[in-house]
Colleague: 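Quick one: the structure is below, questions incoming.
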Amino acid sequence: MTAPKALDTPTKPPGIFDSAYRAATLGILLVVTLIAFEGMSVGVVMPSIAKELNALDLYGISFSAFLIASLFMNVVSGLWSDKRGYPAPFLAGVVLFAAGMGLAGAASSAEMFLLARVVQGLGGGSAIVALYVMIARVYPMDVRPKAFAALSAAWVVPAMVGPSVAGFVGDTWGWRYVFYGIVPLVIPALVMLVPALRMGSAHEAQPGTGPRSKPVAMTLAATSTAGGAGLLLYGVDGLHRDVLPAAVASVAGLALLVLGLYRLLPPGSLVLRRGLPTTVLMRGFFSASFFGVNSFIPLALQEVKGFETTTAGIALTTGALGWSAGAYLQSRQSADPHRRIRLGAGCVTAGILVSLLSVLPGVTGWIAVPAWILAGLGMGYGITTTNVTALKQSPVNEQGANSASLSVSDQLGSALSVGIGGALVNVIGHAPQQIAAGFLVISGLMAAIALSGTLLAGRTR
């Protein structure tokens with residue numbers, strides 16, 4: 001008998017917190033947590049912002065501006081990372097995000113706050129995509145799944161505590177400190193990521209070769225999509241003031257939007273072709289219906305039911321709990337994907353219909369809590385299945401492009417639904433009874449979108 005050689009000993013794959021990757025992992029998680037916290041928190045303090053800056057007219061578009069800017073930078077940052085490596089788009093994204101947070105905190109007018117939201121969206125969109133590329137190039141193949149799992153987990157804590165923390169900060173020190181408080185935390189994240197950024201500088205560019213990897217064409221498509229969405233929302237928001245110019249802007253925006261999406265999404269998506277095209281578009285149905293209501297729950301509870309900022313954030317927190325439970329449950333199920341997607345959309349529909357009761361006279365606003373747990377459960381169950389199904393339906397050399405398409409569908413669905421919801425609030429009015437009526441109309445519209453998702457789920461096969 002001889003002692004086993006070192007080469008005979010099974011090697012354990014390194015972990016994301018091993019010494020070689022610990023700093024990069026902590027830096028990545030901190031950046032994602034900051035971006036997630038901003039996304040989960042701003043809705044809670046938006047009613048306070050709207051009051052102080054006299055910006056209720058821009059309530060919906062403030063959310064949409066972030067999403068549209070982020071959509072554009074998702075595409076640009078991906079192309080930039082492929083051509084030149086991830087350090088430059090990542091650093092640019094973090095700097096823009098921090099600048100946008102500082103600008104939002106210092107905003108003295110509605111227009112300045114809207115500009116801050118655009119800057120935040122550009123920064124967040126650029127940084128997130130560059131982080132995906134960073135993970136692919138810094139971590140070995142067998143470690144990447146752990147890194148992406150940690151990336152997903154980094155959204156959970158902000159989703160659960162972000163609304164409540166933001167509400168507490170807003171009630172105690174004012175809404176500006178929700179934004180100011182994030183800026184100093186950017187510095188330690190950058191310090192921890194210095195080794196990973198240096199490593200990225202040594203990588204040669206690895207440009208893609210598919211039809212959705214052409215820099216000029218894709219940048220133009222992203223510009224057309226983002227610009228068209230913004231013009232469409234501008235036109236829709238102005239229909240109650242000056243019909244003809246607003247209608248022209250809406251039609252022109254819709255045309256630009258469709259033109260860009262034709263390039264950004266898989267062929268056949270706009271006509272709901274069976275399989276991957278409908279699966280990708282289903283992501284937009286989920287996001288549009290859920291976030292189209294989610295963004296207005298704090299406004300409705302505060303203005304109609306007299307909730308404090310902190311308590312209004314509890315409903316959003318419970319939605320995150322439901323989302324987490326739904327994501328876990330779908331991982332334990334073996335039913336056909338289209339059935340899971342249908343069930344998820346059905347839960348979102350039911351949750352929205354129950355939530356609209358929260359603004360009715362004689363009904364407690366706290367009914368929004370169980371309603372949003374149910375809606376969140378549907379999102380976690382259905383949208384996670386949608387993501388997994390889309391990747392299974394994608395050829396290996398198109399998984400990256402189709403992942404980007406899922407993001408485009410998601411952000412565009414949210415941006416349009418929230419922007420149109422804001423326009424409806426402006427048309428109906430800003431008095432408490434009018435906000436209640438607007439919330440009922442928005443909820444009914446978003447429930448119809450979610451219901452459409454249940455009917456179309458079979459086309460994802």
Side-chain angles (χ1 to χ4, degrees), residues 67-68 70-72 74-75 78-79 129 132 208-214 217-226 228-229 232 253-292 330 335-346 348-349 378-379 381-417 446 448-461:
L67 294 165
I68 291 171
S70 182
L71 181 155
F72 172 78
N74 281 165
V75 177
L79 294 168
V129 172
Y132 290 159
T209 57
R212 279 179 281 168
S213 64
K214 308 295 183 184
M218 292 299 286
T219 301
L220 289 175
T223 303
S224 178
T225 301
L232 173 61
L254 182 61
L256 286 171
L257 178 62
V258 172
L259 182 65
L261 284 178
Y262 180 78
R263 183 81 182 191
L264 294 179
L265 299 182
S269 295
L270 299 183
V271 294
L272 293 166
R273 184 182 298 168
R274 281 189 174 275
L276 176 65
T278 297
T279 302
V280 168
L281 213 59
M282 193 63 62
R283 173 78 175 259
F285 277 81
F286 272 107
S287 294
S289 57
F290 182 83
F291 290 108
Q330 72 82 32
D336 292 336
H338 74 278
R339 298 183 189 279
R340 283 183 275 163
I341 292 172
R342 179 177 290 127
L343 179 58
V348 174
T349 305
M379 286 295 285
Y381 195 81
I383 205 170
T384 307
T385 304
T386 299
N387 296 342
V388 173
T389 303
L391 291 177
K392 285 183 178 179
Q393 293 171 332
S394 303
V396 174
N397 62 347
E398 293 182 8
Q399 287 181 336
N402 290 333
S403 295
S405 295
L406 284 168
S407 179
V408 168
S409 179
D410 178 282
Q411 292 179 341
L412 187 62
S414 300
L416 292 179
S417 65
M446 300 311 154
I449 293 174
L451 180 60
S452 298
T454 67
L455 300 177
L456 293 169
R459 298 187 64 81
T460 60
R461 289 181 288 179

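Scope of the values below: all heavy atoms of this structure, side chains included, with no hydrogens, waters or symmetry mates.
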Colleague: Write down the atom of Ser269, the atom of Leu281, and the distance for their closest heavy-atom approach.
Modeller: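 In terms of heavy atoms, the two residues are closest at O-CD2, 3.2 Å.
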Colleague: If I take atom CE from residue Met218 and atom CG from residue Leu220, how far apart are they, to the nearest 0.5 angstrom?
Modeller: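 If we round to the nearest 0.5 Å, Met218:CE and Leu220:CG are 10.5 Å apart.
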Colleague: Please tell me if the side chains of Ile383 and Asp410 come closer than 4.5 Å, counting only heavy atoms from C-beta onward.
Modeller: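 Heavy-atom side-chain distance check passes, below 4.5 Å.
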Colleague: Can Thr279 and Gln393 be counted as having a side-chain donor-acceptor contact under 3.5 angstrom?
Modeller: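 Note: Thr279 and Gln393 side chains meet the donor-acceptor criterion.
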Colleague: Please report the shortest heavy-atom distance between Pro337 and Thr389, naming the atom on each side.
Modeller: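 Shortest heavy-atom contact: CB-OG1, 3.4 Å.
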Colleague: Look up atom OG1 in Thr278 and atom CG in Leu272, then write down how far apart they are to the nearest 0.5 Å.
Modeller: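 Separation between the atoms: 4.5 Å.
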Colleague: Would a 4.5 Å heavy-atom cut-off, applied to side chains only, mark Leu67 and Leu71 as touching?
Modeller: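 No - every pair of side-chain heavy atoms lies 4.5 Å or more apart.
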Colleague: Would you find a donor on one side and an acceptor on the other, under 3.5 Å apart, between the side chain of Arg263 and the backbone of Gly260?
Modeller: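 Judged by distance alone, no pair lies under 3.5 Å.
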Colleague: How long is the gap from OG1 on Thr223 to CG on Leu256, to the nearest 0.5 Å?
Modeller: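 Here the interatomic distance stands at 10.5 Å.
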Colleague: Do you know which two heavy atoms are closest between Pro266 and Val280, and how far apart they sit?
Modeller: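 Minimum heavy-atom contact is CG-CG2, 3.9 Å.
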Colleague: So which heavy atom on Pro277 is nearest to which on Pro267, and how close?
Modeller: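 Smallest heavy-atom distance, with atoms named: CG-O, 3.2 Å.
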Colleague: If I take atom OG from residue Ser417 and atom CZ from residue Phe290, how far apart are they, to the nearest 0.5 angstrom?
Modeller: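 Taking OG in Ser417 and CZ in Phe290, the distance rounds to 11.0 Å.
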Colleague: Do you know which two heavy atoms are closest between Gln411 and Ser70, and how far apart they sit?
Modeller: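 Minimum heavy-atom separation between Gln411 and Ser70: NE2-OG, 3.2 Å.
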Colleague: Got a second to check how far Thr385's OG1 is from Asp336's CG, nearest 0.5 Å?
Modeller: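 The distance works out to 11.5 Å.
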Colleague: Search all heavy atoms of His338 against all heavy atoms of Thr460 and return the closest pair with its distance.
Modeller: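 Looking at all heavy atoms of both residues, the closest pair is CB-OG1, 3.4 Å.
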Colleague: Going through the checks in order, is the side-chain contact (heavy atoms from CB on, under 4.5 Å) test met by Leu261 and Val258?
Modeller: CA-CA 5 Å; Leu261 284 178; Val258 172; 5.8 Å; no
Colleague: Is there a donor-acceptor contact under 3.5 Å from the side chain of Thr349 to the main chain of Leu451?
Modeller: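 Present.
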